[in-house]
Amino acid sequence: MQNSEYNFSKIEPKWQKYWADNHTFKAIDFDSRPKFYILDMFPYPSGAGLHIGHPEGYTASDAYKRFKQSQGYNVLHPMGWDAFGLPTEQYAIKTGKHPEETTRTNVENFKEQLKQIGLCYDWEREINTTDPNYFKWTQWIFIQLFKKGLAYVEEKPVWFCPELGTVLANEEVLQTSEGARSERGNFPVERRPIRQWVLSITKFADKLLKGLDDLDWPDSTKRLQANWIGRSEGAQVSFAIEDNANDRIEVFTTRPDTLFGATYVVLAPEHPLVTKITSDAQREEVDTYIAKAKTKSDLERAELNKEKSGVPLGAYAINPVNQKRIPIWIADYVLVSYGTGAIMAVPAHDERDFEFANTYGIEVIQVIDDGDSAEKNEKGTLTKAYTQSGVLINSEKYNGMDSVSAQKAIIQFLETENAGSIEVNYKLRDWLFSRQRYWGEPFPVIWLSFEDYQQVNDAFKPQNTAIHSQINGEKRYAVVLPDRSLPLKLPSIESYKPSPDGQSPLSKAEDWLNVHFHKETGEVFAESNENTVSGTRETNTMPQWAGSCWYYLRYMDPKNLEQLIDPEIESYWKTPDLYIGGAEHAVLHLLYARFWHQVLHEIGVVSEPEPFKKLFHQGIILGEDGEKMSKSRGNVVNPEVIIDAYGADTLRLYLMFLGPLEAMKPWNTKGIEGVARFLRKLWRLVILDNDNTLNPVIDTTNSKSIDDESERLLHQSIEKVTHDYENLGFNTAISQLMILINQLSKLEAIPQSVIETYLQLIAPLAPHIAEELWSLLGNKSSISAQPWPKADKEKLEASAVKIIFQVNGKHRGDALLPKDHTKEDAFNKAKESERVQSQLSGKTLVKEIYVPNKIVNFVVK
RNA sequence: GCCUAGGUGGUGGAAUUGGUAGACACCCGGGACUUAAAAUCCCGUGCCAGCAAUGGCGUGCGGGUUCGAGUCCCGCCCUAGGCACCA
């Protein structure tokens, strides 16, 4: 396979060493050049090594980095490791090998592979989320959230996976045909109530939604986040309960204008009022229904959404606008976790309510005029809910009003009656922030008895509400460690296996677990004294998201032991100017990171409110069969194998040539041949044989001129390639470079300056061969140090232009005309053409159209 | 069901604001060089008819706007991704 002329396996390591030794791509704090911070999503260093998706995004950012640096920017392009996580822990459970050790090996392997691709990171800024000097600050951020009242503890029914022995977030659970399964490993999962830390991301829902407006992100990603946050405006309406003066039912609705059409009220089965207001006659039936609902999760309930079911409570609510008595039901189509966990049902104007009312024979009252556009039977009653807005009917004094003004008027009325108000609701739920695992950041939290808690300095407590929970059957209160006790490291333990009851493996590390907390300083001692109180540590660890939520900040100041980041350094680099990574993180990572960044902004750690101004998603590379790459399919492409056979430059170029960066595209091993050929062609154009002697076609004195056409193409290429690089359009940049080399290889003499410009243009994508040829041409410094070529505008334009002749819009020939030709010249020239003449003969010329410098079109009949 | 992105040769994909559809490659066919192979170079390559010049058709399907539509509008079909009883 290997070609003796273009010896990439010798060239590539040489230049990789050169870049490292000379710090060619070092980012310099406070440098006077304009800064540019380009960020890659850092990888999880798995045991399997790089897959082909990594070099795709990373080549794009590396090329962009080299391009920007040549343009005169001070570029920061760092790399690190998102190294906490389940697979490493699973491996530890299986082998007994400490996760730290596995991580170290895997990181070394990943780093080596990245270097082989010619990716030049500023390794002095390398970070690792499992490094105590890194997670010290992850813990520090948690403490700030804790103190601000943005963290709380709750017993939550959560997904538990017996096989993995851990709790999973909703996002880590997949609904499959075999029921709920874990995303990792595809094991069955079940619901279990477990004590959890939760972060109040919902308090930032509005800010997270509004912040999207100013971001230069793909629209689809913004919409995804907006959808996820799911803001909806409406009203909270309060229904009195018949024969019950103490309680009221609060419902949320986006359609207060349909209030006169409410013919029943539904509570979620878990709603606290249910047991209180159920009539004796209905109690047995209701209890059975609740018991059944309990075994299903929200997701499972949603799964079975074909048929609605419910049970009447035998109690009645009073509609606040017309005092109408309507029945109260429970039904599992109402979710306790959204809104107030109760709804007013308006079957005429809501599909779900309509279906339910139909099943149980509940009255349907139409209150919005459909203008005869709704589906009705011959009696004129609705056969389907009419969900549009419109003019009100059957609504007493509101009749004739449109939905918008009726909503306002009805809410106003409810306010005067103390029976409702404007309300906003979000789909977004608070963030379940703990895992019962070993390999994660330990929480810097100590649990104390109430008595002891009262004696402790307030500096270690939340600003407002104390956090308490049942720990080993006793009520305990949470305090955090002082900053100087950080990082709180993981203890050594014998087994990484969680206990069968779902507790973290840390709960077995007794020495670490039981501590004595200094009431004033917060220091922790192994032995008690008169100033300490005894407590136990939190045994949960943080989820993998924690470390990846703020890593981009640490790259700016990775070795700072005193602060998360020096404010002056932060004000120089600010935030990444470009963030490249997969769309699979569109919601979770990118939302969590924005949340933390906004909190850090509020407490003055960072100067900008949003972390990622510009975002780009690289697409997925599929296997040759057009299917997702997977071991089981056997269609996985290993980057190392490709590098061995073709070299890193060919791999880089091919990955970028495959198609648009953002597209999902299949790998094609044969296609790589074309790119390999292209690089060999470039090599031969400059170098004649194995002795590295220059091809005599290279005019080293730059004395021979090239023809106008070639020169124009050169300048067009400079312009196009520059423009394409700027927009990450690497595939079209490469095809332009191919066109240019096809032209140059036809010339009898190529001025050295021309081939040098060519090498500069290709250097971001194929840096090794570019550096090698650049140096063989006699240059001493790195090609990346050269200022980026500029196109000469005057040389872009040709003296003659090609005019297309059309008859009735169909192409019928063309001709070259001088640039300064007139409209009449063009018409005359067109009429001279035989092909045009034959199309015109026997027909009447109706119209003559001329598009300057482009087209002549004759319309005939 | 809802939201989003797409649908262009045998294949991956090009195509500023509507202006030569198929750039650049891959595959395939033919030829040159070679004892042979690899490498390299040249020619052909959307489909149909034709020796050719040329003509007809052609960007998922059906309509429309326009001198002119891959591009704009209306209605469908299909694929991928996301959300999914959110009141």
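Numbered from 1 within each chain, the chains take letters A, B, ... in sequence-line order.
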**Study point:** Close side-chain approach of A:Phe730 to A:Asp724, heavy-atom, < 4.5 Å
**Key:**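 Side chain of A:Phe730 against side chain of A:Asp724, heavy atoms only: no contact under 4.5 Å found.
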Exercise for review: Answer yes or no: is there a side-chain heavy-atom contact under 4.5 Å between A:Arg684 and A:Asn695?
Suggested key: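 No, side chains not in contact.
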Both distances under 3.5 Å, Watson-Crick or G-U wobble: report the partner of [N], or none.
| N | value |
| --- | --- |
| B:rA37 | none |
| B:rG18 | none |
| B:rC51 | none |
| B:rG13 | none |
| B:rG68 | none |
| B:rG6 | B:rC78 |
| B:rC27 | none |

Practice item. Taking atom types as modelled, find out whether A:Lys681 and A:Asn742 have a side-chain donor-acceptor pair closer than 3.5 angstrom. Key: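 The criterion, which ignores hydrogens and geometry beyond distance, is satisfied for A:Asn742 and A:Lys681.
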Review point. Would you say the side-chain atoms of A:Glu624 and A:Thr669 include a donor-acceptor pair closer than 3.5 Å?
Key: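 Distance-only check passes for A:Glu624 and A:Thr669.
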Determine the contact category for [X]: base if any of its heavy atoms lies under 4.0 Å from a base atom, sugar-phosphate if only primed atoms, P, OP1 or OP2 are that close, otherwise nothing.
| X | result |
| --- | --- |
| A:Lys427 | base |
| A:Lys854 | base |
| A:Met344 | nothing |
| A:Arg231 | nothing |
| A:Pro218 | nothing |
| A:Phe678 | nothing |
| A:Ile739 | sugar-phosphate |
| A:Gln839 | sugar-phosphate |
| A:Asn857 | base |
| A:Asn425 | nothing |
| A:Ile804 | base |

Phosphate OP1/OP2 of [N] contacted by [X] side-chain N/O (<4.0 Å):
| X | N | result |
| --- | --- | --- |
| A:Lys847 | B:rC67 | yes |
| A:Arg684 | B:rA39 | no |
| A:Gln225 | B:rG82 | no |

Exercise for review: Rounded off to whole Å, could you give me the CE-to-P distance for the A:Met656 and B:rC24 pair?
Suggested key: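 Spelled out: CE on A:Met656 to P on B:rC24 is 22 Å.
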Practice item. Quickly work out the A:Leu658 CG to B:rA14 C1' distance and round it to whole Å. Key: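 It works out to 15 Å between those atoms.
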I'd like the [atom1] distance from [M] over to [N], given in whole Å.
| N | M | atom1 | result |
| --- | --- | --- | --- |
| B:rC72 | B:rA15 | P | 15 Å |
| B:rG56 | B:rA23 | C1' | 25 Å |
| B:rA69 | B:rG81 | C1' | 29 Å |
| B:rC85 | B:rG10 | P | 43 Å |
| B:rG6 | B:rU59 | C1' | 13 Å |
| B:rG7 | B:rA21 | C1' | 16 Å |
| B:rU34 | B:rC24 | P | 30 Å |
| B:rU71 | B:rA53 | P | 30 Å |

Considering only [options], which nucleotide approaches the side chain of [X] most closely?
| X | options | value |
| --- | --- | --- |
| A:Leu224 | B:rG19, B:rG82, B:rA23 | B:rG82 |
| A:Asn227 | B:rA87, B:rC3, B:rC27 | B:rC3 |
| A:Arg677 | B:rC27, B:rA87, B:rG55 | B:rC27 |
| A:Ser232 | B:rG68, B:rA87, B:rU54 | B:rA87 |
| A:Met738 | B:rC24, B:rU40, B:rG55 | B:rC24 |
| A:Arg223 | B:rU4, B:rA21, B:rG13 | B:rU4 |
| A:Asp350 | B:rU54, B:rA23, B:rA87 | B:rA87 |
| A:Asn742 | B:rG82, B:rA25, B:rA15 | B:rA25 |
| A:Ser735 | B:rC24, B:rU40, B:rG55 | B:rC24 |
| A:Asp332 | B:rA23, B:rC67, B:rC85 | B:rC85 |

Looking at [X] and [N], is any side-chain donor or acceptor paired with a base atom of the opposite kind under 3.5 Å?
| X | N | value |
| --- | --- | --- |
| A:Lys810 | B:rU54 | no |
| A:Lys308 | B:rC85 | yes |
| A:Gln806 | B:rG19 | yes |

Exercise for review: Kindly assign one of parallel, tilted or perpendicular to the pair A:Phe827 and A:Phe858, based on the angle between their ring planes and the thresholds 30° and 60°.
Suggested key: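 Plane angle between 30° and 60°, so tilted.
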Review point. Which word best sums up how the rings of A:Trp329 and A:Phe356 line up, parallel for under 30°, tilted for 30 to 60°, or perpendicular for over 60°?
Key: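 Because their plane-to-plane angle is over 60°, the rings of A:Trp329 and A:Phe356 count as perpendicular.
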Review point. More 5' along RNA chain B: A:Thr340 or A:Gly671, using each one's nearest nucleotide?
Key: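 In this pair, the answer is A:Gly671.
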Exercise for review: Assign each of A:Lys802 and A:Ala663 to its nearest nucleotide of RNA chain B by heavy atoms, then name whichever residue's nucleotide is nearer the 5' end.
Suggested key: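 Checking each residue's closest nucleotide, the 5'-ward one belongs to A:Ala663.
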Check your understanding: Hey, does the Lys NZ or Arg CZ of A:Lys823 hover above the aromatic six-ring of A:Tyr850, less than 6.0 Å from the centre and inside 45° of the axis?
Key ->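 No - A:Lys823 does not lie over the ring of A:Tyr850 by the 6.0 Å and 45° rule.
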**Study point:** Within 6.0 Å of CD1 in A:Ile422, more than 12 heavy atoms from elsewhere
**Key:**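 Not buried by this count: 12 neighbours or fewer within 6.0 Å.
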Review point. Got a salt bridge between A:Arg680 and A:Glu673, using NZ or NE/NH1/NH2 to carboxylate O under 4.0 Å?
Key: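 Yes, A:Arg680 and A:Glu673 are salt-bridged.
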Practice item. Kindly label the base of B:rG9 as syn or anti, based on whether its glycosidic torsion lies within 90° of 0. Key: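 It is syn.
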